[in-house]
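Here's the structure we're looking at; comments come further down.
Quick note on labels: first sequence line is chain A, next is B, and so on, each numbered from 1. The figures that follow rest on heavy atoms only: side chains count, while hydrogens, waters and symmetry mates do not.
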Protein chains: 2
Amino acid sequence: MPRIRHTNFDCAPGCPVEGTLNLIGGKWKGMILFHLMSGTLRFNEIRRHLNSVTQRMLTNQLRELEADGFITRKVYAQVPPKVEYSLTEHGRSLEPIILALKVWGDTHLRSEAAKAATVRSRAA
Amino acid sequence: MPRIRHTNFDCAPGCPVEGTLNLIGGKWKGMILFHLMSGTLRFNEIRRHLNSVTQRMLTNQLRELEADGFITRKVYAQVPPKVEYSLTEHGRSLEPIILALKVWGDTHLRSEAAKAATVRSRAA
DNA sequence: GCATATAGTGTCATAAAGGATACCGTGATG
DNA sequence: CATCACGGTATCCTTTATGACACTATATGC
């Protein structure tokens with residue numbers, strides 16, 4: 001989802017939906033937030049949770065989440081470097097959404113085969 | 001958000017989040033679903049609710065939502081054509097999510113300026 | 001000396017999302 | 001006859017998100 005650039009939110013009343021989706025719609029953001037809900041994580045810990053992110057993507061997504069005020073970065077002046085990421089209050093306020101997404105996914109995305117079939121038919 | 005092509009969902013347990021986001025992450029899908037939650041709508045009704053969708057985009061998004069089983073298309077063999085869109089049961093199951101998004105947006109996206117200021121002060 | 005781990009950055013490439021524009025067929029309306 | 005409304009299609013194009021790959025600096029271990 002390309003980042004939506006509604007300068008003004010004139011498409012009321014749906015826009016809260018849109019705007020929110022916009023903030024958490026990055027390819028990895030949902031998962032990053034989800035994993036951080038369990039506690040503070042270091043860069044490479046997150047990276048290992050997400051099986052195939054590139055460093056650059058992860059950095060990007062983390063930066064955006066940080067810019068949006070959802071997470072904080074704590075840098076330890078060490079060598080080797082150590083950076084910890086954790087949710088802010090603002091980030092925690094997204095928990096209900098992430099949870100709702102997870103619950104829905106758990107309920108409706110079960111049977112990968114069925115889902116895959118759907119996805120593939122769309123791709124075709 | 002380019003459509004994610006996780007052939008296998010090996011990044012458990014976050015993937016339900018990812019997969020769900022993937023289904024409703026289209027630029028207009030959230031809003032379409034939101035509006036349809038209020039009841040059946042015709043093509044141009046939806047179009048008017050979304051202030052600036054092009055026909056092609058709306059058609060695309062509706063088709064994808066239909067392919068994913070969230071909405072149904074009911075075509076009336078009339079001239080001029082009449083097509084009605086409404087949520088399926090599957091589509092209705094997304095209501096909690098859409099609502100959560102809307103609630104969050106209403107709470108946290110109010111007065112963009114204020115939010116931006118907050119974010120920035122925190123970032124500073 | 002060389003590899004490893006850490007948390008990145010920079011450059012380049014590509015696929016996909018989103019958009020602009022024009023067109024279709026029909027029936028009613030002017 | 002020209003035009004509009006309806007619900008689309010077909011083509012082409014631009015912007016973005018995502019990805020691959022190489023590179024950095026330093027301390028530790030072999």
Closest listed nucleotide, where the reference is the side chain of A/Asn60 and the choices are C/dA5, D/dT18, C/dG8: D/dT18
Heavy-atom pair of closest approach, residues A/Phe43 and A/Gln55: CZ-O, 3.9 Å
Closest nucleotide of DNA chain D for A/Pro80 versus for A/Gln61: which of these residues is on the 5' side? A/Gln61
Does CD in A/Gln78 sit with more than 12 non-hydrogen atoms of other residues, nucleotides or ligands closer than 6.0 Å? yes
Taking only side-chain N and O atoms of B/Lys27, does any of them lie within less than 4.0 angstrom of OP1 or OP2 on D/dT16? no
Pick the nucleotide of DNA chain C nearest each of B/Val53 and A/Gln55; which residue has the one closer to the 5' end? A/Gln55
Quickly work out the B/Leu58 CG to C/dT21 P distance and round it to whole Å. 18 Å
Can you tell me how far apart CD1 (B/Ile98) and CD1 (B/Ile24) are? Round to the nearest 0.5 Å. 5.0 Å
With a 4.5 Å heavy-atom cut-off, do A/Lys29 and A/Glu64 have their side chains touching? yes
Taking only Lys NZ, Arg NE, NH1 and NH2, and the carboxylate oxygens of Asp or Glu, determine whether B/Glu89 and B/Arg92 approach each other closer than 4.0 Å. no
Would the base of C/dT11 count as contacting A/Arg56 through its side chain, where contact means a donor and an acceptor less than 3.5 Å apart? yes
Shortest non-hydrogen contact from A/Leu21 toward B/Gly30: CD2-CA, 4.0 Å
Separation of A/Tyr85 atom OH from C/dT6 atom P, in whole Å? 14 Å
Return the value, rounded to whole Å, for the distance between atom CH2 of A/Trp28 and atom P of D/dA17. 16 Å
Integer-rounded Å distance: C/dG18 C1' and B/Leu50 CG: 14 Å
Quickly work out the A/Glu64 CD to C/dG8 C1' distance and round it to whole Å. 16 Å
I want to verify a distance call: between D/dG7, C/dA7, D/dT18, whose nearest atom is closest to the B/Pro81 side chain? D/dG7
Please report the distance, rounded to the nearest Å, between NZ in A/Lys82 and C1' in C/dG8. 17 Å
Nucleic acid contacts of residues 38-47 of chain A, taken as heavy-atom distances under 4.0 Å to DNA chain C: A/Arg42, A/Phe43, A/Asn44
note: A/Met57, atom CE; C/dG8, atom C1'; distance rounded to Å ~ 15 Å
Of B/Arg48 and B/Thr59, whose nearest nucleotide on DNA chain D comes first from the 5' end? B/Arg48
What is the separation between atom CG on A/Leu62 and atom C1' on D/dT18, rounded to the nearest whole Å? 15 Å
Salt bridge (charged side-chain N to carboxylate O under 4.0 Å, His left out) between B/Arg48 and B/Glu45: does it pass, once the steps are laid out? CA-CA 5 Å; B/Arg48 275 185 288 268; B/Glu45 286 175 334; 5.6 Å; no
